[in-house]
Amino acid sequence: MPFISKIQRQSDYSSFNSSCPIVIDNGASYFRIGWAGENDPRVIFRNIVQRPRHKTTGETVTVVGDHNPMLLKYFDCTRSGPRSAFESNVVYQFEIMEYILDFGFDRLGADQSQIDHPILITECACNPVQSRGKMAELLFESYGVPSVAFGVDAAFSYKYNQQLGICNDTGLAISSGFTTSHVIPFINGEPIYEACCRTNVGGYHVTDYLKQLLSLKYPHHISKLTWEKVEELKMEHCYIAADYASEVQLFQRGDEEAEEKTRCWQLPWTPSPVEEPPSEEEIARKAALKEKQSQRLREMAEAKRSSKINELENELKGLEFLLDELKDTEDDEILSFLASRGYTSKREVESAFAKVTQSLRKAKGEQVPSEEKVDASAAEKYYLIDIPDDELSAEQLKEKRRQVFLKSTTEARQRAKQKRLEEELEKEKEKKLEEQKRLENPELYLEQLRAKYKELSEKLEQRKRLKTNGNHANGNNNVSGGVGRGERLNAAQRERMRLLTTAAFDRGKGEDTFGQRDEDWQLYKLMSRDNDDDDDDKPDSDEAELARISSRLQEIDPTFFPGSESGASASEAPRFRPLTKEDFQIILGVERFRCPEVLFNPNFIGIDQSGLDEMVGVSLRRLPNWAQGLEDKMTTSILVTGGSCLYPGMAERLEAGIRMIRPCGTPIKVVRATDPIMDAWRGASAYAAAMQFPQQTFSRMDYYEKGEDWLRRYKFRYTI
Amino acid sequence: MEREVLEAELVLPTHMKFKKIQMYDKYPKGQARGRHWKHLKQIIQAENYENYPPHLPTYVNIETPPSMHPGKKICDITGFEAPYFDPRTKLRYANTEVFKTIRSLPNDYVQRYLALRNAAVVLR
């Protein structure tokens with residue numbers, strides 16, 4: 001029965017006599033309006049207002065109550081959510097209240113120039129006079145209501161059930177509403193507000209708690225967990241455990257019984273289509289496409305090369321022509337001639353010529369003759385080296401130093417070259433050896449290679465892990481990152497911090513023997529910040545070796561994939577698995593009774609007040625002196641009402657709880673109202689239809705003459 | 001406006017025949033920006049309940065006092081009874097498995113769990 005709304009416009013408004021009162025149950029969750037004396041309210045809707053913007057016209061409109069959510073697609077609701085006129089159970093935003101009353105009267109069919117009917121409207125127990133006064137003002141001023149009466153919903157509900165004979169005229173009403181829960185004692189049919197008590201917990205908190213818990217448990221389905229849906233889940237599945245501790249133990253053990261009690265909500269889910277491997281044609285087509293593209297690239301490169309060659313040839317021709325011309329010109333005219341061509345000397349032209357020839361050769365792909373011809377005339381070049389210093393002038397000395405430097409560098413270069421050559425030879429030899437080994441026993445060889453690869457990669461992995469973080473060790477590889485409380489330093493950094501701290505605090509304890517051994521001084525090396533990277537050359541060689549082996553393996557072993565064999569360490573990266581049906585299930589286990597439990601233990605949600613069962617005790621203790629001795633009479637007639645008492649197990653739990661706080665042998669009887677949701681309106685309707693009702697109302701004149709203080713003490717009699 | 005919206009009478013008309021003062025007369029500039037109403041706290045403060053005789057029931061003094069029993073400690077994640085408390089995250093937990101999960105929870109989730117029982121760190 002979630003979200004019962006009746007918003008059809010009524011057509012028989014004019015058939016009611018102007019003395020017939022309109023009855024409004026203004027609850028924090030639902031607004032119910034109807035005619036006195038009738039059994040059911042005419043119009044029911046959620047007590048909320050939304051002011052979305054129309055998407056095409058851009059005007060802001062007012063939408064009251066809950067409507068077909070499909071229609072809201074024409075509106076932009078992102079900027080304002082549903083708003084309520086209530087804070088806790090007190091009306092405080094009268095602008096919203098006015099929209100709601102507008103809508104209520106409109107749907108009741110009001111079509112005269114004012115609302116010419118007395119109004120009975122509910123309010124919370126001990127409503128602050130400011131709220132009560134504003135409400136009266138609104139009804140008088142905006143709607144022209146002749147007279148108004150205020151009553152408490154729980155009292156009406158109790159009275160209604162009393163008339164039905166369900167409870168006695170002296171008793172207790174436990175009313176758990178949307179935002180608050182009340183316990184109100186009744187003596188001879190009149191509520192005793194001095195002894196009532198209120199806890200600020202209600203259906204709203206239960207739904208909110210459930211919603212939060214589910215969205216924390218299933219962050220991926222957060223969009224599915226709308227307020228309306230969660231409220232529906234709550235109404236359908238939540239129940240009150242007879243004893244929270246034993247019920248939860250049932251689930252903790254994972255008994256069969258617990259499994260039976262677990263509910264599952266399957267979200268719409270369609271298995272993702274299995275991806276078929278691409279067909280041969282597809283592969284061929286793709287290959288052809290790739291080939292075509294590379295062909296085009298090659299053509300482009302060719303064209304570029306030929307155009308460059310062309311260009312260079314042209315330049316060469318021009319320079320040749322210039323040189324020819326230079327030969328023909330007279331010596332004294334050469335300079336001016338060159339200047340006209342943009343050159344300063346003949347030398348320059350020649351060097352440009354040489355350069356262009358060389359680059360042309362390069363472009364054509366011919367071998368460039370190496371410039372470094374080994375000079376046979378080394379001795380000639382370094383003629384000063386062998387001469388002792390004191391035989392030389394300052395100039396020559398300088399020259400000699402230059403020559404020495406030049407000679408040593410060329411020699412070093414040659415040596416390095418030689419070494420490289422030797423290394424290459426060595427490698428070649430090794431390769432040959434390996435090849436030989438392979439040919440001798442290919443399987444063994446492969447096995448060895450693999451083992452070596454594994455060993456090396458593990459080693460590297462280990463090193464990397466040590467270097468980056470120790471986080472993997474505690475399974476703290478969370479995806480969100482940036483949490484690692486306290487574990488921000490890697491092993492090397494931690495060691496360094498340890499050394500520093502011991503160095504800082506290790507003073508004056510015993511004899512200072514630091515420095516007597518040579519190893520002591522190594523400490524400073526460890527402490528210095530840049531020691532982190534000085535062991536880098538070794539992993540480098542390891543890495544090179546690893547790369548070599550993996551490439552070799554790839555050559556000879558078709559089943560080998562680099563990285564795949566490093567096993568467990570590599571598989572820590574999030575693995576993707578196909579989503580299954582179970583990923584789209586929302587499981588309600590402990591939540592089913594954990595959420596409504598907040599009514600009995602408000603401290604679950606951080607509200608420091610007693611729960612429903614203890615409230616009864618509080619209320620009985622608050623009874624005035626003259627009412628002492630009535631407790632036992634009261635506990636035999638406990639009525640539970642309000643939307644939040646619909647959970648299965650409510651009455652039993654309350655009875656058990658009250659039995660705990662009352663003396664042994666106290667008669668206790670807990671009954672549920674006939675209709676916990678509607679009874680308040682029905683009671684109010686019956687009350688307003690009574691002959692004496694007009695005496696309980698006050699008019700606009702009364703309101704303005706008697707003033708606020710009178711309104712504060714305004715309290716009407718429920719027994720008339 | 002689309003036809004189906006009009007048919008459902010979704011939008012509240014601005015002019016109501018039965019009203020003596022229309023919405024647009026009362027609020028000529030449309031919805032007033034900002035706050036022009038009193039919050040419940042301010043309402044209560046304006047009532048000056050402390051000047052009233054103590055036996056008179058008021059909105060404030062009918063509130064239920066805190067419970068006489070020690071509050072039940074339940075695991076913030078599972079709802080089981082929680083004998084343990086994690087000093088790092090401040091969460092209560094029932095067993096080692098839950099402990100593992102709470103240690104791997106990102107910080108905002110920890111805070112949201114704490115906020116459920118009104119124990120989150122609120123930065124102002």
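Every chain is numbered from 1, with letters handed out A, B, ... down the list of sequences. As the structure is a prediction and not an experimental result, all values here were calculated from the model.
With a 4.5 Å cut-off on non-hydrogen atoms, B:Y113 touches chain A through its backbone and its side chain both. Of the two parts of A:N601, only the side chain, counted from C-beta on, holds a non-hydrogen atom closer than 4.5 Å to a non-hydrogen atom of chain B. Interface residue A:E59: only side-chain heavy atoms are found under 4.5 Å from chain B. When heavy atoms are compared at a cutoff of 4.5 Å, B:L56 does not approach chain A at all. Interface residue A:T56: only side-chain heavy atoms are found under 4.5 Å from chain B. With a 4.5 Å cut-off on non-hydrogen atoms, A:Q50 does not touch chain B at all. Contact annotation for A:N200: only side-chain heavy atoms (C-beta onward) come within less than 4.5 Å of a heavy atom of chain B. For a residue to count as touching a neighbouring chain, one of its non-hydrogen atoms must lie under 4.5 Å from one of that chain's; by this rule B:K26 touches chain A with the side chain only. Only the side chain of A:R712 comes within less than 4.5 Å of a heavy atom in chain B; its backbone stays farther off. Contacts of A:F593 with chain B are absent, with no heavy-atom separation under 4.5 Å from either backbone or side chain. Residue A:Y13: no heavy atom, backbone or side chain, is found under 4.5 Å from chain B. Contacts of A:L138 with chain B are made by side-chain atoms alone, with heavy-atom separations under 4.5 Å and no backbone atom involved. Within the 4.5 angstrom heavy-atom criterion, atoms from both the backbone and the side chain of A:N89 approach chain B. Heavy-atom distances place the side chain of B:I74, and not its backbone, under 4.5 Å from chain A. Within the 4.5 angstrom heavy-atom criterion, no atom of B:T14 approaches chain A. Of the two parts of A:E591, neither the backbone nor the side chain holds a non-hydrogen atom closer than 4.5 Å to a non-hydrogen atom of chain B.
Contact tally against chain B (heavy-atom pairs below 4.5 Å) for A:G617, A:A195, A:P219: the top residue is A:P219. When each of A:N127, A:V61, A:D608 is scored by its heavy-atom pairs under 4.5 Å with chain B, the top score falls to A:D608. With chain B as the partner, the residue from A:V618, A:T57, A:V64, A:V129 showing the most heavy-atom pairs under 4.5 Å is A:V129. Considering only heavy-atom pairs separated by less than 4.5 Å from chain A, the leading option among B:N95, B:I44, B:V11, B:L10 is B:L10.
Between A:Y244 and A:F604, the distance separating the two ring centers is shorter than 6.0 angstrom. Proximity of the aromatic rings of A:H67 and A:F75 is defined here by a centroid distance below 6.0 angstrom, and this criterion is not met. Note: A:Y143 and A:F105 meet the aromatic proximity criterion, with ring centroids under 6.0 Å apart.
The backbone N or O of A:I115 sits nowhere less than 3.5 Å from a side-chain atom of B:K20 that would complete a donor-acceptor pair.
A:S14 is linked by a side chain to side chain contact (heavy atoms under 4.5 Å, CB included) to A:Q112, counting only residues two or more places apart in sequence or in another chain.
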